[in-house]
Every structure is written in structure tokens, then in C-alpha cells.
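Down below is the structure, laid out as C-alpha cells.
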Amino acid sequence: MIKEEIIQHINKLRKEKNAIILAHYYQEPEIQDIADFVGDSLALAQWAAKTTADIIVLCGVHFMGETAKILSPLKRVFVPDLAAGCSLADSCPADQFEEFINAHPDHTVISYVNTTAAVKALTDIVVTSTNARQVVESLPENEKIIFGPDKNLGDYINKLTGREMLLWDGVCHVHAQFSLDRIIALMKEYPDALMLAHPECPKYLLEIADHVGSTSSILKFATTSEKKQFIVATEAGILHQMQKENPDKLFIPAPPEDATCACNECFYMKMNTLEKLYLCLKNERPEILVDEETRVKAVKPIERMLEISARYGL
Ligand code: 13P
Ligand code: SF4
């Protein structure tokens, strides 16, 4: 089937089935373009919580589909490819995280949204990179905190807030493999360009960045800036919206260590294709299911995150 036919079928099915298509900024451009809504991890959770659709097709990775299902248990949630996982979520198995928590019983547990439902069920408050600072600052200054699984984000929030949260030793394989040398070479080649970095990047990159923020924050910064050139240190999918909203500006993807690649992509995010999205709507699978016992425990820390975010207007 040619692309135009697939798009026609998707449009017909989404209407017939009262389905909403939510896509993360790291998805392929053609998926972003057909989605009802494109956003960061927090915005996708907020949409999943408020939609009146019967079906949510979450074009992102598994934990995003799980978060949608946990928030909207009466809706059916599908992801185009069930194998679309996350190296960060994988770096934090629930049994090992539970041992870590048990070893520090007097600590409040904060988990990044990039975790499994089982890890969220062990958590007091979930965060995304958009609201991590505000969530941490909403807690008393002397509160002891465990933060997992992204050590780079945790370290960055410690620096911003002056806290000393205990950090789980996890990283995202995409953000951990940007090349400092190649980025510095780009900065010399484009001396007027600003460097924008996601807080999942290592400290040595955050220290040379002109702006550090979540995907939505990076997009907003570039759109409102008077500057015309930007080196972007996050997954390259975000460049699609950046370019769409700012056709007169130049966005340069920050390169990984691998000298044969010009940009850094998450192969999990890129597992979803337009054709898989069509098949998913047509066949109503693969479906995300979360057992009710886990869901009831996991929904509380996600709702706490949504409440705190609303308080801060996020
Ligand atoms: P945000 O969309 O919250 O910035 O997170 C980036 C990410 O790594 C999603 O997997
Ligand atoms: Fe996970 Fe990193 Fe891919 Fe985001 S970019 S889904 S954190 S592996």
C-alpha cells in the first residue's frame, strides 16, 4: 500500500473507532504529522488522563502506553510495536529497585516516568524532565529522597535544588552516547549557534549547554529565541517540530560517538512506523494491559505528579 492509502485508512479507522493518536516528539515525522497531539512525556500523560476517546494509540514506547493505561483503565490502549522499550526503564528492574528502597527505608521515592508500571507501584511521586525540579522543590528541604533511574537527570536536579538525593545508576543509551569532541567541533564550526541539551545528557554536556530542558522546553526555547542556529543534544526526532515551527532557523543534531552517524536516534522510538500504526488501529493490537493490583498502586504517584504539575501551571 502506498503512503497516501495508509493515511486514508488511518483517518477512516480513527473516526469509526473514536480513537485518539498521541505521539512523542521522538517519533518518525510522518507519525508526528498524522497524530492528534504531539508532545513530551508529561503532555502525553496529561492527554491520556483527559481524553474522551474510546481508544488511545500511543506512538511512543512501552512505558508511555503503560502510563496511559494506568491513568485511563477503561480505555483500550495500543502501541504500534510492543517491542518499543526503553534502555532507561530496562536499567531499573523492579526487584532490584525494591531492594534499594528497602535499604533506605526513611526515604521518599521519586521515579522518572521512564520506568515500568511495577517500578511506579513502588514509588511515591513520578516525575518527567519537565516537572522534576518543581516536584523535588515541593518537598520539605530536609526530606530524604531516592531518585531513579536516570542518574544524569538526578544529578542535574541535585545541582539545581541543592538537595542530595540518592541516585539510581541508570542512563538512556541515546543521551549517554553524544560525543563531546564532535559537539565542540560543531560549536567551533557554528560559533553563533546555541547548544540545547536534554537533562538525560551527561554532566560534561550540560555544563557547556546554553539551555537545558525537556523536549518541550528545548522546542519552546528555540522558538522564542532571537538566535537562528542551534545544536540540539537530544533524540533527533525533535528536530521535525523545531523545523516546522521555525522554518527560518537552522537546527543541527548533536552527533553520537559513532563517527559514521550524523545524529543520535532511539531505535526503540523508531520501531513504530506509519504502517504499524495503521495495522494497530485495524487489528486493535498490540494492546497494553496492566494488572489491576499494580495499576492501583502505580496510579497514585502519577496522579501526585499531575497535581503538582497543575499547581505550577505545567
Ligand atoms: P521528555 O519528552 O519528557 O523530554 O523525555 C524524553 C525522553 O527520553 C522520552 O523517552
Ligand atoms: Fe528510553 Fe532514551 Fe529511548 Fe527515551 S530516548 S525512550 S529514555 S531509550
Side-chain angles (χ1 to χ4, degrees), residues 22-28 31-32 35 37-48 58-68 79-93 110-116 119-120 126-135 148-154 156-157 168-178 196-202 205-206 209 211-222 232-242 253-254 256 261 263-272 302 305-306 308-309 314:
L22 304 178
H24 189 268
Y25 289 126
Y26 296 164
Q27 291 293 285
E28 293 287 5
I31 292 186
Q32 295 190 36
F37 178 77
V38 187
D40 68 3
S41 311
L42 175 63
L44 295 179
Q46 289 166 330
W47 267 94
L58 202 310
C59 297
V61 292
H62 191 269
F63 76 79
M64 294 175 174
E66 268 189 344
T67 304
V79 290
D81 192 326
L82 206 56
C86 169
S87 60
L88 194 45
D90 290 347
S91 74
C92 188
I110 297 184
S111 294
Y112 197 26
V113 70
N114 302 37
T115 46
T116 59
V119 166
K120 290 186 177 78
V126 167
V127 296
T128 75
S129 47
T130 290
N131 56 29
R133 178 186 191 156
Q134 287 82 353
V135 168
D150 191 283
K151 68 173 176 191
N152 292 330
L153 175 63
Y156 177 67
I157 300 296
W168 183 261
D169 189 10
V171 291
C172 153
H173 75 286
V174 176
H175 292 88
Q177 65 161 338
F178 284 115
L196 315 179
H198 195 281
E200 287 174 25
C201 292
L205 285 185
L206 302 183
H211 175 74
V212 177
S214 62
T215 46
S216 54
S217 163
I218 286 176
L219 175 60
K220 190 173 167 197
F221 182 90
V232 185
T234 189
E235 210 271 358
I238 185 72
L239 269 73
H240 180 59
Q241 292 300 324
M242 296 178 104
C261 302
C263 75
N264 208 355
E265 293 194 328
C266 172
F267 60 80
Y268 294 117
M269 285 281 183
K270 278 10 186 203
M271 281 180 169
N272 295 327
I302 304 175
M305 167 184 84
L306 295 179
I308 296 169
S309 302
L314 298 172

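This structure is a prediction, so every number in the text was calculated from the model and none was measured. Counting starts at 1 for both ligands and their atoms, following the listed order.
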With heavy atoms only and a cut-off of under 4.0 Å, state how [X] meets ligand 1: side chain, backbone, both or neither.
X      : answer
Glu235 : neither
Asn114 : side chain
Tyr25  : neither

Q) Should Leu239 and Val232 count as side-chain neighbours, where that means a heavy-atom distance under 4.5 Å? A) yes

Counting N and O atoms only, with roles assigned by atom type, does the side chain of [X] sit under 3.5 Å from a partner on the main chain of [Y], one being a donor and the other an acceptor?
X      : Y      : value
Trp168 : Ser91  : yes
Glu235 : Cys266 : yes
Thr115 : Ser111 : no
Lys120 : Thr67  : no
Gln32  : Tyr25  : yes

Q: Give the atoms of ligand 1, by number and element, whose distance to some non-hydrogen atom of Met64 is under 4.0 Å.
A: 9 (C), 10 (O)

Q: Go through ligand 1 atom by atom and flag the ones less than 4.0 Å from a non-hydrogen atom of His198.
A: 1 (P), 4 (O), 5 (O), 6 (C)

Q: May I ask you to list the atoms of ligand 2 that are less than 4.0 angstrom from any heavy atom of Glu200?
A: 7 (S)

Q: Could you tell me if any non-hydrogen atom of His24 lies under 4.0 Å from any atom of ligand 2?
A: no

Q.
Suppose we screen for side-chain contact (heavy atoms from CB on, under 4.5 Å). Which residues come up paired with Ala35, at least two apart in sequence or across chains?
A. Ile21, Ala23, Val38

May I ask you to check whether [X] has an N/O atom sitting below 3.5 Å from an N/O atom of ligand 1?
X      : result
His175 : no
Ser214 : no
Ser129 : yes

Q: On the 0 to 90° scale, with breaks at 30° and 60°, tag the Tyr268-His173 ring pair as parallel, tilted or perpendicular.
A: perpendicular

Q. Between Asn272 and Gln27, do the side chains contain an N or O donor and an N or O acceptor separated by less than 3.5 Å?
A. yes

Q) Is a side-chain donor-acceptor pair under 3.5 Å present for His198 with Ser217? A) no

(Q) On a heavy-atom basis, which atom in Ser214 and which in Asp40 lie closest, and how many Å separate them? (A) OG-OD2, 3.9 Å

Q. Which heavy atom of Asp150 sits nearest a heavy atom of Val171, and at what distance?
A. OD2-CA, 4.2 Å

(Q) So, at under 2.8 Å, which protein N, O or S atoms would a careful student list around atom 3 (Fe) of ligand 2? (A) Cys266 SG

Q | contact_flag Cys172 ligand 1 heavy-atom lt 4.0 Å | A | no

**Q.** His24 near ligand 1 by a heavy-atom separation under 4.0 Å
**A.** yes

(Q) Students should be able to answer this: which protein heavy-atom is nearest to atom 3 (O) of ligand 1, and at what distance? (A) Ser41 OG, 3.0 Å

Q.
Please list the nearest protein heavy atom to atom 8 (O) of ligand 1 with its residue and the distance rounded to 0.1 Å.
A. Glu200 OE2, 3.0 Å

Q.
Taking the basic N atoms (NZ, or NE/NH1/NH2) and the acidic carboxylate oxygens, is any pair closer than 4.0 Å for Lys151 and Glu200?
A. no

